[in-house]
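Notes follow the structure.
In what follows, every heavy atom counts, from backbone to side chain, and hydrogens, waters and symmetry copies are set aside.
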Amino acid sequence: MPRYTARERRERYLREYDFQKRTGKQFFPYAIYHDAIMSVIVVGVIIAMAVFWRMDFGAVPTDASAAREGGLLGPAYESRADPAIEGYDPKPEWYFFFLFELLKIFKTPELLIVGSVIIPTLMMMALIALPFIDRRPERRVSRRPVAMAVGVAVPIVLLALTWRGDQGAGIAGEASNRPGATAFAQTLGCGTCHKLADAGTAGNVGPVLDDALPDYAEAVQVITNGRGAMPAFEDIGEDQINCIAGYVATWSGGEGETPGPNAASAEQAYPAACEAAGGEYAGEAGASAAGVPSRGGSAQAAG
Amino acid sequence: MPPLNLPPVKEVAKIPGDWVEERSGLVSVSKYFLFRNVPRDISWLQTLGSALITVFIVQVTTGILLAMYYKPSTEEAFDSIRYITDEATLGWLVRGMHKWGSSVMVILLFLHMGRTFLFGAYKYPRELTWISGALIFILVMAMSFTGYLLVFDQRAYWATVVGVNINGTAPILGPFLSEFLKVGPEFTTETLTRFYALHMLVLPAAITGLIVLHNWLVVRLGVTSPPWSKHRATKGDV
Ligand code: HEM
């Protein structure tokens, strides 16, 4: 419509809308009648979901910290929050899955900020600024090809990310019975976020440890203090931290019975710290002896 | 005794209304609201916004009921949730409606946004209506984030730890924001009370204000008719 100036177009719209209103119908009772029906349906759906949720509840647990199981719509509650971590699943509400999935796509430390901050901020800014980005006056669907393409693509991407975010981390295999492996894969839930072949985990939130190959000092540092999206695990205790760090430093990049390239850095602590930590950290009795690599050679190389 | 000179019943019934009207003008405002015209071919697609008002009222009501039993401290939060779910009369219903109401609200938000996008309703003169809506959307997401922690079970706790850490990765503001949310480097009872205050006071108040603004604009400007409407005064795109 090059014939009209912007101001003429605005006036034209106002005149047109004035006609729509003059020849329209009253809000009460015509529009409000539809509104009322819709609201009744929506409240009905909410009540129905609460009831279906309730119908699948398991028995009230006798243990005051245990979860109360549920069915399709999920448990009534999971077990009591425990900062010292036992079996842990950092899953957000479903409508945050797409953000969570972005983190998995940009998971290297340099790119993390792209998924965690830059893209969400740009999305929010685009949402708010839309009236200024698309300033053409056309309203007909057929005359807004770009807007319609964006309007179809964005929901598809969001739905795809949400769907992928709903898929569990997946288990790559079984944890070995080396000291620290069970704690890594199960007790502490490191495997929800990290892939580590020896522990049989395939988490995809954090870096693949078989590629990152952290050494002992770095692992202790990261596990104690957290970094980026990774939570700090300082509450689990010093021996426990040293054991897990030793396990990670020794076995990331390891194959079969051969430990990974940074094994020597953990020499002092691993597996002694695991024995001191005991429990799930110790590895299987007997198996632990077999699982400990003989590293005389590498120690000399390191010294 | 002089005869009682009462006006007819119909007139008497009007007295309170006239009294209010004379002092506030509220009656004519309501009349304007109810008897204003809307374009003749609006349909079910335009009911999503009012459904959102309804869901918001459901959330506020169930939220107030929950607040009467909820205890925002790390020691008691989980036990109060257990009490509400397992023992309190119809507690499961109140909690269930609040929990599922939040999901329904997010879905309706997306649908309502989609419909206003499709209709080009964000264009002149309704830019501010869209912007106020977008702000509501962001605040509703913040409601979900702060509400999720309150159950204080394993999943809630750890998802929030990770979420706060993610905030912390932002440059400059990030560490400040995550320290603000956590009240220091650790998750403590103060963290929980801070989330609780945001969730039940600050954010709902802000959202309420924005909903009022949003709908004042909607009433003032009128809702758009579908862009494919045949009922037009002028030809061509306007
Ligand atoms: C709690 C949240 C919200 C409430 C209660 C609400 C309420 C309403 C209501 C009652 C209407 C009247 C027409 C209709 O029902 O479709 C409306 C229109 C509108 N809303 Fe919302 N809304 C909300 C969120 C949003 C969001 C997130 C956006 C977009 C970012 C948005 C953008 C608009 C626009 C542009 C209109 C004008 C539509 C037209 O004139 O055709 N709203 N809103």
Does any heavy atom of chain A fall under 4.5 Å from the side chain of [X], the backbone, both, or neither of them?
X	result
B/Leu221	backbone
B/Ile138	side chain
B/Phe145	both
B/Val140	neither
B/Val104	side chain

Step by step, would you call A/Arg80 with B/Asp153 a salt bridge (Lys or Arg N to Asp or Glu O under 4.0 Å)? CA-CA 4 Å; A/Arg80 185 187 296 271; B/Asp153 60 5; over 6 Å; no
Just list the side-chain donor-acceptor pairs under 3.5 Å for residues 89-97 of chain B, sequence neighbours left out, or say none.
| unit_1 | atom_1 | unit_2 | atom_2 | d |
| --- | --- | --- | --- | --- |
| B/Arg95 | NH1 | A/Ala76 | O | 2.9 |
| B/Arg95 | NH1 | B/Thr85 | OG1 | 2.9 |
| B/Arg95 | NH2 | A/Ala76 | O | 2.9 |

Taking [options] one by one, which has the highest count of heavy-atom pairs under 4.5 Å against chain A?
options	answer
B/Met141, B/Gln46, B/Glu127	B/Met141
B/Leu52, B/Ile131, B/Thr74, B/Ile81	B/Ile131
B/Trp228, B/Phe33, B/Trp44	B/Trp44
B/Tyr122, B/Phe152, B/Phe110	B/Tyr122
B/Ile42, B/Asp79, B/Thr160, B/Val161	B/Asp79

Hey, does the side chain of [X] reach the backbone of [Y] with a donor-acceptor pair shorter than 3.5 angstrom?
X	Y	result
A/Arg139	B/Phe119	no
B/Lys123	A/Glu138	yes
B/Arg40	A/Thr23	yes

Identify the heavy atoms of [X] and [Y] that sit nearest to each other, and give their distance.
X	Y	answer
A/Tyr17	B/Gly222	OH-C, 3.0 Å
B/Ala51	A/Ser39	CA-OG, 3.9 Å
A/Ala81	B/Tyr157	CB-CB, 3.5 Å
A/Tyr13	B/Pro125	CE2-CD, 3.6 Å
A/Ala64	B/Arg82	O-NH1, 3.2 Å
A/Pro231	B/Trp158	CB-CZ3, 4.0 Å

What part of [X] gets closer than 4.5 Å to chain B, counting heavy atoms only: side chain, backbone, both or neither?
X	answer
A/Ala59	neither
A/Thr121	neither
A/Asp18	neither
A/Ala67	neither

Mind ranking [options] by heavy-atom pairs under 4.5 Å with chain B and telling me who comes out on top?
options	answer
A/Leu127, A/Val42, A/Ile118	A/Leu127
A/Pro61, A/Gly226, A/Ala50	A/Ala50
A/Arg136, A/Arg227, A/Arg135	A/Arg136
A/Ile32, A/Val45, A/Val141, A/Leu14	A/Leu14
A/Met49, A/Met124, A/His34	A/His34

Euclidean distance, A/Ile128 CD1 relative to B/Ser132 OG, rounded to 0.5 Å: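 B/Ser132 OG to A/Ile128 CD1: 11.0 Å, rounded to 0.5 Å.
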B/Trp100 CH2 to A/Ile46 CD1 distance, which is reported to the nearest 0.5 Å: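 If we round to the nearest 0.5 Å, B/Trp100:CH2 and A/Ile46:CD1 are 12.0 Å apart.
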Please list, in residue-number order, every residue in residues 24-31 of chain A that has a heavy atom less than 4.5 Å from any heavy atom of chain B; write 'none' if there are none.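 Residues in range: A/Gly24, A/Lys25, A/Gln26, A/Phe27, A/Phe28, A/Ala31.
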I need the contact set between residues 149-163 of chain A and chain B: heavy-atom distance under 4.5 Å, sorted by residue number.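 Heavy-atom contacts from residues 149-163 of chain A to chain B are A/Gly151, A/Leu158.
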More than 12 non-hydrogen atoms from neighbouring residues, nucleotides or ligands closer than 6.0 Å to [atom1] on [X], yes or no?
X	atom1	answer
A/Tyr33	OH	no
A/Phe57	CZ	yes
A/Arg22	CZ	yes
A/Phe106	CZ	yes

Is NZ or CZ of A/Arg144 both nearer than 6.0 Å to the six-membered ring centre of B/Phe117 and within 45° of the ring axis?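 Yes, A/Arg144 and B/Phe117 form such a contact.
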With a 4.5 Å heavy-atom cut-off, do A/Met148 and B/Leu118 have their side chains touching?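 Sidechains of B/Leu118 and A/Met148: in contact.
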Should B/Tyr124 and A/Pro131 count as side-chain neighbours, where that means a heavy-atom distance under 4.5 Å?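 No; the side chains remain at least 4.5 Å from each other.
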Among side-chain atoms of A/Gln20 and B/Ser225, is any donor-acceptor pair under 3.5 angstrom?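 Result is yes, a qualifying pair exists.
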May I have the list of side-chain donor-acceptor pairs in residues 93-101 of chain A shorter than 3.5 Å, sequence neighbours left out?
| unit_1 | atom_1 | unit_2 | atom_2 | d |
| --- | --- | --- | --- | --- |
| A/Trp94 | NE1 | B/Ser103 | OG | 2.8 |
| A/Tyr95 | OH | B/Ser102 | OG | 3.1 |
| A/Tyr95 | OH | B/Ser144 | OG | 3.2 |
| A/Glu101 | OE1 | A/Gly165 | N | 3.2 |
| A/Glu101 | OE2 | A/Arg164 | NE | 3.3 |
| A/Glu101 | OE2 | A/Arg164 | NH2 | 3.1 |

Start with the C-alpha gap between B/Lys99 and A/Trp53, add the side-chain angles, then the distance that decides, and say whether side chain to side chain contact (heavy atoms under 4.5 Å, CB included) holds. CA-CA 10 Å; B/Lys99 177 183 166 75; A/Trp53 185 50; 3.6 Å; yes
